[in-house]
There are 2 protein chains.
Amino acid sequence: MSSEVCEIKSLRQDVLEKVSNEMEDNEFYEKISSTFKLLGDYNRIRIISALHCHEMCVCELSILLDMSQSSISHQLRILRHNNFVKYRKEDKKVFYSLNNSQIYDLIKEGESI
Amino acid sequence: MSSEVCEIKSLRQDVLEKVSNEMEDNEFYEKISSTFKLLGDYNRIRIISALHCHEMCVCELSILLDMSQSSISHQLRILRHNNFVKYRKEDKKVFYSLNNSQIYDLIKEGESI
DNA sequence: TGTTCACATGAATATATGTTCATATGTCTA
DNA sequence: TAGACATATGAACATATATTCATGTGAACA
């Protein structure tokens with residue numbers, strides 16, 4: 001809040017008050033922006049979209065998306081920690097799938113922008 | 001595509017083919033992810049939300065959101081270049097507003113995640 | 001015409017983030 | 001039980017991105 005710019009007289013206090021009242025609290029915008037940040041990566045979007053089509057193991061995702069196994073694992077960890085994906089273990093493999101379709105629905109919404 | 005992992009036999013070729021056919025092309029995911037990346041910043045989300053409430057000048061945004069004038073200007077430039085906001089000049093001031101409500105609608109969709 | 005105001009912008013800086021590399025873990029099989 | 005396979009993960013590295021700082025631009029005004 002720099003005092004060098006914008007004297008009080010030049011501000012429309014009524015507008016500031018109106019907007020301030022209408023806006024949500026900071027936690028709201030922190031949550032929303034962090035959700036979008038997770039969707040703001042090319043490879044994560046592709047992983048989510050792939051899993052929306054079919055449950056897959058790390059190895060299959062790696063081949064399908066032409067990414068290293070390590071990179072896929074790192075990204076899946078992020079998606080796991082944010083409850084976007086779930087997994088089940090079968091023998092040596094770990095099969096991942098979308099936790100629910102909400103996140104994919106949001107991606108489809110973003111399509112129209 | 002590392003050849004050290006995942007022999008052909010362990011992959012389900014039918015699944016890979018199915019998913020590969022269902023998925024969009026890379027340009028699609030690049031566009032979507034870059035859109036979400038723009039929404040993946042706390043201050044940009046707040047700017048968009050504020051402008052959804054009311055047209056405002058840089059100075060007012062700066063005070064309202066407790067950000068420096070420079071930072072607001074830089075972020076507005078990004079939003080401008082991506083056609084999220086429009087502006088009009090009046091005397092010494094520049095008033096910004098949302099170009100359309102699509103982007104705000106998307107933010108509201110993200111609320112439920 | 002010089003000064004103030006409002007905003008824009010380039011450069012520098014700091015930080016966040018994604019990938020790679022090396023390695024650890026756990027499971028299955030010969 | 002040794003080795004291959006599938007995945008996870010920490011550290012290092014490279015890159016992207018947001019903010020600050022300094023300064024430039026243009027309009028109003030005395």
Side-chain angles (χ1 to χ4, degrees), chain A residues 1-12 29-30 33-48 55-82 85-96, chain B residues 1-12 29-30 33-48 55-82 85-96:
Chain A
M1 185 94 74
S2 57
S3 57
E4 295 88 354
V5 294
C6 294
E7 313 257 322
I8 301 296
K9 56 184 175 182
S10 71
L11 298 173
R12 297 170 300 176
Y29 298 113
E30 279 172 10
S33 60
S34 62
T35 296
F36 284 123
K37 188 169 293 186
L38 290 169
L39 298 179
D41 179 79
Y42 173 66
N43 285 327
R44 270 198 299 272
I45 285 276
R46 293 199 304 152
I47 291 174
I48 292 171
E55 176 195 63
M56 273 184 288
C57 68
V58 176
C59 177
E60 288 167 335
L61 282 170
S62 173
I63 297 293
L64 176 73
L65 303 179
D66 194 19
M67 294 171 60
S68 72
Q69 175 267 319
S70 178
S71 188
I72 292 278
S73 267
H74 279 297
Q75 293 295 2
L76 284 172
R77 186 158 70 113
I78 294 173
L79 296 175
R80 239 163 45 214
H81 289 350
N82 287 276
V85 299
K86 60 178 184 290
Y87 63 94
R88 66 180 179 85
K89 299 187 179 182
E90 185 179 312
D91 296 346
K92 289 178 293 189
K93 300 203 174 185
V94 181
F95 287 94
Y96 283 85
Chain B
M1 186 93 75
S2 57
S3 58
E4 294 89 354
V5 295
C6 294
E7 313 258 321
I8 301 296
K9 56 182 176 180
S10 70
L11 298 173
R12 298 170 300 177
Y29 297 114
E30 278 173 11
S33 61
S34 63
T35 297
F36 283 123
K37 188 169 293 188
L38 289 170
L39 297 180
D41 180 79
Y42 173 67
N43 285 327
R44 269 198 300 271
I45 284 277
R46 293 198 306 152
I47 291 174
I48 292 171
E55 178 194 61
M56 274 183 288
C57 67
V58 177
C59 177
E60 288 167 335
L61 282 169
S62 173
I63 297 293
L64 176 74
L65 303 178
D66 193 19
M67 292 171 62
S68 72
Q69 175 267 319
S70 178
S71 188
I72 292 278
S73 268
H74 279 297
Q75 293 296 2
L76 283 172
R77 186 159 70 113
I78 294 173
L79 296 175
R80 239 165 44 215
H81 288 350
N82 286 276
V85 299
K86 60 178 184 291
Y87 64 94
R88 64 179 181 86
K89 299 187 178 183
E90 183 179 312
D91 296 345
K92 290 177 293 188
K93 301 202 173 184
V94 181
F95 287 94
Y96 283 85

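Each chain gets a letter, A, B and so on, in the order its sequence line appears, and its residues count up from 1.
- Note: CZ (A/Arg46) to C1' (C/dG18) measures 13 Å, nearest angstrom.
- Residue-to-nucleotide contacts include no donor-acceptor pair under 3.5 Å from the side chain of B/Gln75 to the base of D/dA18.
- For the atom pair CZ (B/Arg12) and CD1 (A/Ile63), the distance works out to 13.5 Å, reported to the nearest 0.5 Å.
- Residue-level contact check: A/Tyr96 touches the backbone only, with heavy atoms under 4.0 Å from sugar-phosphate atoms and none from bases.
- Which of D/dT19, D/dT7, C/dC7 sits closest to the side chain of A/Cys57 comes down to D/dT7.
- Each end of the helix from C/dT1-D/dA30 to C/dA30-D/dT1 gets its own axis from five base pairs, and the two axes differ in direction by 0°, given to 10 degrees.
- Listed by residue number, the members of residues 35-45 of chain B with any heavy atom below 4.0 angstrom from DNA chain D are B/Lys37, B/Asp41, B/Asn43, B/Arg44.
- A parallel orientation is assigned to the rings of A/Phe36 and B/Phe36, their planes being inclined by less than 30° (bins at 30° and 60°).
- For C/dT9, the base has a donor-acceptor partner in the side chain of B/Ser70 [N/O atoms by modelled type, under 3.5 angstrom].
- The phosphate of C/dT9 (OP1 or OP2) has a side-chain N or O of B/Arg80 nearer than 4.0 angstrom.
- Residue A/Phe95 forms a side-chain contact (heavy atoms from CB on, under 4.5 Å) with just one option from A/Glu60, A/Lys89, A/Lys86, and that option is A/Glu60.
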All N/O pairs under 3.5 Å across the protein-nucleotides 25-27 of chain C interface:
none

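- Using a 3.5 Å distance cut-off with no hydrogens or angles, the side chains of B/Ser73 and B/Gln69 do pair a donor with an acceptor.
- Comparing C/dA6, D/dT9, C/dG10 against the side chain of B/Lys93 picks out C/dA6 as the nearest.
- Counting distance only, with no hydrogens placed and no angle test, the side-chain atoms of A/Ser68 and the base atoms of C/dC21 include no donor-acceptor pair under 3.5 Å.
- Contact of B/His74 with D/dT20 (side chain to base): a donor-acceptor pair of N or O atoms is detected under 3.5 Å.
- Put simply, CZ on A/Arg88 is 15 Å from C1' on D/dT7, counting in whole angstrom units.
- Listed nucleotides: C/dT19, C/dA22, D/dT20. Nearest to the side chain of A/Met67: C/dT19.
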